[in-house]
Amino acid sequence: MEIAELEERFAVPGVLGFETTSSGLVFVQVTAPAASATVYLHGAHLTDWQPAGESPVLFLSARTELVPGKPIRGGVPVIFPWFGGKADDKAAPAHGIARVLPWGVEDVRVTGGTVALTLSLHPSDATQKWWPHEFEARFTVTVGSSLEMSLQIRNTSPAAFAFEEALHTYFTVSDVRNVRVDGLSGTDYLDKVDGFKRKQQEGPVTISGETDRVYIDTTATCVLDDPGLRRRIFVEKVNSASTVVWNPWIAKAKAMADFGEEAWPGMICIETCNVGENRVNLPAGQTHQMKAILRSEG
Ligand code: TA6
């Protein structure tokens, strides 16, 4: 849909409008009383959420590409229908196809001080090439004093299918070496930097090297405690059984052209997921909705 039609159908003057980057990507700029946010139709990718009077909560790489077909580095990548590499096809794009495809605008709702934007993705040649199923995906972001993200998958196929999903949230931090993540103590995790060994978290998660952990069978709210920014970020979730914590540290960051070797101290990913043994098995005609609710406390 052209930007003029989007504006005509969905814009709310002073609250929600549409803009285009020089590379042709359309994004939605939301200005609610309690917060502002930016969402690209490309990948239904939320790149910015800033509560009024606070600094931005999400990390966005200064080197990210903003071009069709390429993933955006930072914000909240929407990962579907597989996480990481595709188990049965090494040639498939990492972290699924949803994050590199254009989503359509389905609905805008302004209720009191909150703005809810719903984007949708439907099967296409690009999805069928990698994942031959009929589905409907809807991503709703509700911007207010908290930020709610909902990923809803409906199985419109004649048979059940299994999928993985993640809201792969990148948070801005003062210095990743000085923050802690509470809420996962006692939880089993797969340590991706130690041969996927199964381990158990003891106490808060702190970062002192490359960290890439898939916590399993956990519905816990995580709390990102950042003394340097004098704030705590609460990551609450609904219908999510996995949480991933990731920081690339020095070498991995250097190896990512869209990341840059200087950016790793300023971010941490706390990802709301259903991956691996927590993947979703969805019967025909059924719908699954996963939510992440972010709240910042200064
Ligand atoms: O969620 C952590 C992770 O799976 C890491 O292993 C790393 O690959 C990261 O995601 C970023 O993935 P991307 O495909 O966006 O470079």
Side-chain angles (χ1 to χ4, degrees), residues 40 42-47 58-87 89-101 130-131 149 151 163-173 176 179 181 184 187-199 201 205 207 209-216 218 222 224 235 237 240-261 263-279 290 292 294:
Y40 281 76
H42 174 65
H45 201 124
L46 174 71
T47 56
L58 303 180
F59 165 90
L60 184 68
S61 168
R63 300 188 185 196
T64 188
E65 296 194 79
L66 292 170
V67 295
K70 288 280 183 81
I72 296 174
R73 174 72 64 195
V76 185
V78 174
I79 310 296
F80 171 79
W82 65 85
F83 184 87
K86 191 169 189 287
D89 187 345
K90 296 281 175 277
H95 282 336
I97 39 181
R99 69 169 178 169
V100 291
L101 292 175
W130 299 108
W131 203 66
M149 295 178 281
L151 180 58
F163 64 91
E164 294 177 304
E165 57 183 349
L167 295 171
H168 190 301
T169 310
Y170 286 69
F171 292 97
T172 282
V173 293
V176 75
V179 305
V181 179
L184 295 168
T187 304
D188 282 5
Y189 66 91
L190 303 180
D191 188 346
K192 289 174 69 173
V193 298
D194 186 12
F196 282 81
K197 279 188 193 137
R198 195 179 185 108
K199 302 177 181 177
Q201 182 63 37
V205 181
I207 309 292
E210 183 186 353
T211 304
D212 196 348
R213 301 178 183 176
V214 182
Y215 291 86
I216 44 191
T218 171
C222 288
L224 171 59
V235 185
K237 56 184 198 169
S240 157
S242 321
T243 295
V244 170
V245 176
W246 177 60
N247 180 278
W249 207 250
I250 301 165
K252 186 62 75 66
K254 208 168 187 173
M256 296 187 286
D258 62 354
F259 198 94
E261 55 190 292
W264 63 270
M267 57 70 67
I268 188 170
C269 282
I270 301 173
E271 305 163 31
T272 303
C273 329
N274 286 299
V275 300
E277 56 197 86
N278 294 138
R279 70 181 55 239
M290 177 177 76
L294 312 183

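What's counted below: heavy atoms across the whole structure, side chains too, no hydrogens, waters or symmetry copies. Remember, it's 1-based here, ligands and their atoms both numbered in the order they're listed. Sequence positions, counted from 1, serve as the residue numbers for this chain.
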A.B. asks: Any atoms of ligand 1 less than 4.0 Å from a non-hydrogen atom of R99? List them with their elements.
C.D. replies: 13 (P), 14 (O), 15 (O)
A.B. asks: Compare M256, K252, R73, H95 and give the one whose heavy atom is closest to atom 3 (C) of ligand 1.
C.D. replies: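 The nearest heavy atom belongs to H95.
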A.B. asks: Would you call D191 and R198 a salt bridge, using N to O less than 4.0 angstrom?
C.D. replies: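 No, D191 and R198 are not salt-bridged.
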A.B. asks: Could you pull out all residues at least two apart from W131 that satisfy ring-ring contact (aromatic ring centres under 6.0 Å, His included)?
C.D. replies: F80, H133, F135, F161
A.B. asks: Give the numbers and elements of all ligand 1 atoms closer than 4.0 Å to a heavy atom of K192.
C.D. replies: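 Ligand 1 atoms under the 4.0 Å threshold to K192: 4 (O), 6 (O).
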A.B. asks: For E271, take its heavy atoms, then give the atoms of ligand 1 lying under 4.0 Å from any of them.
C.D. replies: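 Once the distances to E271 are compared, the set is 1 (O), 2 (C).
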A.B. asks: I want to confirm something. Looking only at heavy atoms, which of D212, D258, N247 is nearest to atom 6 (O) of ligand 1?
C.D. replies: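 Result: the heavy atom closest to atom 6 (O) of ligand 1 is in D212.
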A.B. asks: Which atoms from ligand 1 have a heavy atom of F83 less than 4.0 Å away?
C.D. replies: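 So the answer, numbered in order with elements, is 1 (O), 4 (O).
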A.B. asks: Using the benzene-type ring in the case of Trp, are the ring centres of F259 and F59 under 6.0 Å apart?
C.D. replies: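 Between F259 and F59, the centre distance is under 6.0 Å.
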A.B. asks: Identify, by atom number and element, the atoms of ligand 1 in contact range of V244, meaning under 4.0 Å from any of its heavy atoms.
C.D. replies: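 This gives 1 (O) as the contact atoms.
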A.B. asks: Would you say the side chain of W246 lies within less than 4.5 Å of the side chain of H168, judging by non-hydrogen atoms?
C.D. replies: yes
A.B. asks: If I compare all heavy atoms of V181 with all of C222, which pair ends up nearest, and what's the gap?
C.D. replies: CG1-CB, 4.0 Å
A.B. asks: Take a 6.0 Å sphere around NZ of K199 and say whether it holds more than 12 heavy atoms from other residues, nucleotides or ligands.
C.D. replies: yes
